[in-house]
Amino acid sequence: MGINIAIDGPAGAGKSTIARRVAKELSFLYVDTGAMYRAIAYYCIQKGLSGSDGDRIGQQIQEAQVTISHAEGEQMVFLNSENVTSFLRSEEVSHMASVVSAIPQVRRHLLALQQSLAANHNVVMDGRDIGTTILPNAQLKIFLTANPATRAKRRYQELINKGVSCSEEEILKEMTERDERDSGREASPLCQAEDAVLVDTSDLSIDEVTERIIALYREKMKRS
Ligand code: DC
């Protein structure tokens, strides 16, 4: 069994940046579970499946084999052996990922992959239900959050840096809708595990958050 650090929280709280940094510092594997849901979303878009047809998606995704591999600390996602990593960050895929992740068969489909990675490696795994459902026995659980305006601003900056034109207002609206869907669904909704440490990143730098989590981890390991 590997050592497991679970990082959950809403979109734009800084999960992937922080989880990647913490993993690097500790020489753990960084596992981005959102990218797995994005791969399923990409599959559904390619197949022309409607997000409202949960039963059909539940059946069809049995044909969608998602696997991951790592190169220099970066996770690559494969869909039926094709590297789809570069297709997963569009707004269309983000929206569809939030829709398909509410379908229980989709969650079941990805559970074994996530749990086996954590069983076989020391991981920092980020997502929405890692501390509550996927790794309930994780050695450290963090719930990362930030106020909605800050989260939208970060996402806006990220897209502008990539040369994508967008409006901050639109991003805030889409992000709020996504949060509501992710928190309001019945299957493994986004919520803070009882034993998770809440870290609000609104006024903290990436370095400060990383240091805080590493300190919490060392503290935990000293006590166990
Ligand atoms: O972290 P992200 O933005 O890449 O996640 C994309 C979507 O996938 C998000 O809207 C919620 C969903 N998701 C989930 O339901 N459970 C996870 N463990 C990770 C992501």
Side-chain angles (χ1 to χ4, degrees), residues 4-20 22-23 30-45 51 54 57-58 61 64 66 68 74-77 79 84-118 123-136 138 141-146 148 151-152 154-156 158-159 162 164 166 171-193 196 201:
N4 300 163
I5 299 179
I7 302 186
D8 290 301
K15 292 189 303 294
S16 58
T17 307
I18 301 295
R20 194 180 278 115
V22 171
Y30 164 52
V31 182
D32 170 5
T33 62
M36 300 174 188
Y37 286 96
R38 287 171 181 271
I40 294 291
Y42 177 74
Y43 175 84
C44 293
I45 293 167
I57 290 179
I61 53 146
V66 177
I68 67 165
E74 286 303 310
Q75 174 179 287
M76 287 178 298
V77 186
L79 177 63
V84 294
T85 316
S86 62
F87 306 128
L88 304 181
R89 308 306 308 180
S90 70
E91 284 306 305
E92 186 188 17
V93 170
S94 298
H95 175 83
M96 190 64 158
S98 171
V99 172
V100 300
S101 63
I103 302 169
Q105 291 101 312
V106 172
R107 305 203 71 81
R108 272 201 297 277
H109 189 66
L110 296 174
L111 181 118
L113 170 63
Q114 295 166 2
Q115 289 185 335
S116 78
L117 283 163
V123 296
V124 180
M125 188 176 285
D126 82 11
R128 302 293 188 288
D129 62 339
I130 310 305
T132 51
T133 308
I134 305 297
L135 306 177
K141 298 180 187 177
I142 303 290
F143 194 82
L144 216 57
T145 187
R151 295 193 283 118
R154 286 176 184 162
R155 178 76 184 134
Y156 171 75
E158 191 185 326
L159 289 171
K162 277 194 209 152
V164 181
C166 54
I171 290 177
L172 179 59
K173 187 168 158 268
E174 162 71 15
M175 208 170 235
T176 308
E177 282 169 15
R178 198 138 80 88
D179 286 349
E180 279 167 9
R181 244 192 327 268
D182 295 346
S183 315
R185 69 184 179 218
E186 247 170 68
S188 282
L190 165 68
C191 71
Q192 184 179 347
T201 68

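Position 1 is the first residue of the sequence; numbering continues from there. In listed order, ligands and their atoms are each counted from 1.
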- Run through ligand 1 for me and note each protein residue having a heavy atom under 4.0 Å from it, chain first, then residue number.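 Those residues closer than 4.0 Å to ligand 1 by some heavy atom are Thr33, Gly34, Tyr37, Arg38, Ala97, Ser98, Ser101, Arg107, Gly127, Arg128, Asp129, Ile130, Arg178, Asp182, Arg185.
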
- Item | Residue list, salt bridge (Lys or Arg N to Asp or Glu O under 4.0 Å) with Arg178, at least two apart or on another chain |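 Partners of Arg178 under the salt bridge (Lys or Arg N to Asp or Glu O under 4.0 Å) test: none.
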
- Presence of salt bridge, Arg128 and Asp8, under 4.0 angstrom: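 Arg128 and Asp8: not salt-bridged.
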
- Query: What pairs with Pro189 under side chain to side chain contact (heavy atoms under 4.5 Å, CB included), at least two apart in sequence or on another chain?
  - Reply: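 Here the qualifying residues are Arg185.
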
- So, do Ser101 and Val106 sit near enough that their side-chain heavy atoms are less than 4.5 Å apart?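 Side-chain contact under 4.5 Å: no.
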
- Using a strict cut-off of less than 4.0 Å between a Lys/Arg side-chain nitrogen and an Asp/Glu carboxylate oxygen, indicate whether Arg107 and Asp129 qualify as a salt bridge.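 Result for this pair is yes, salt bridge flagged.
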
- Item | salt bridge (Lys or Arg N to Asp or Glu O under 4.0 Å) partners of Glu177, counting only residues at least two apart |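 Glu177 satisfies salt bridge (Lys or Arg N to Asp or Glu O under 4.0 Å) with Lys173 once adjacent residues are dropped.
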
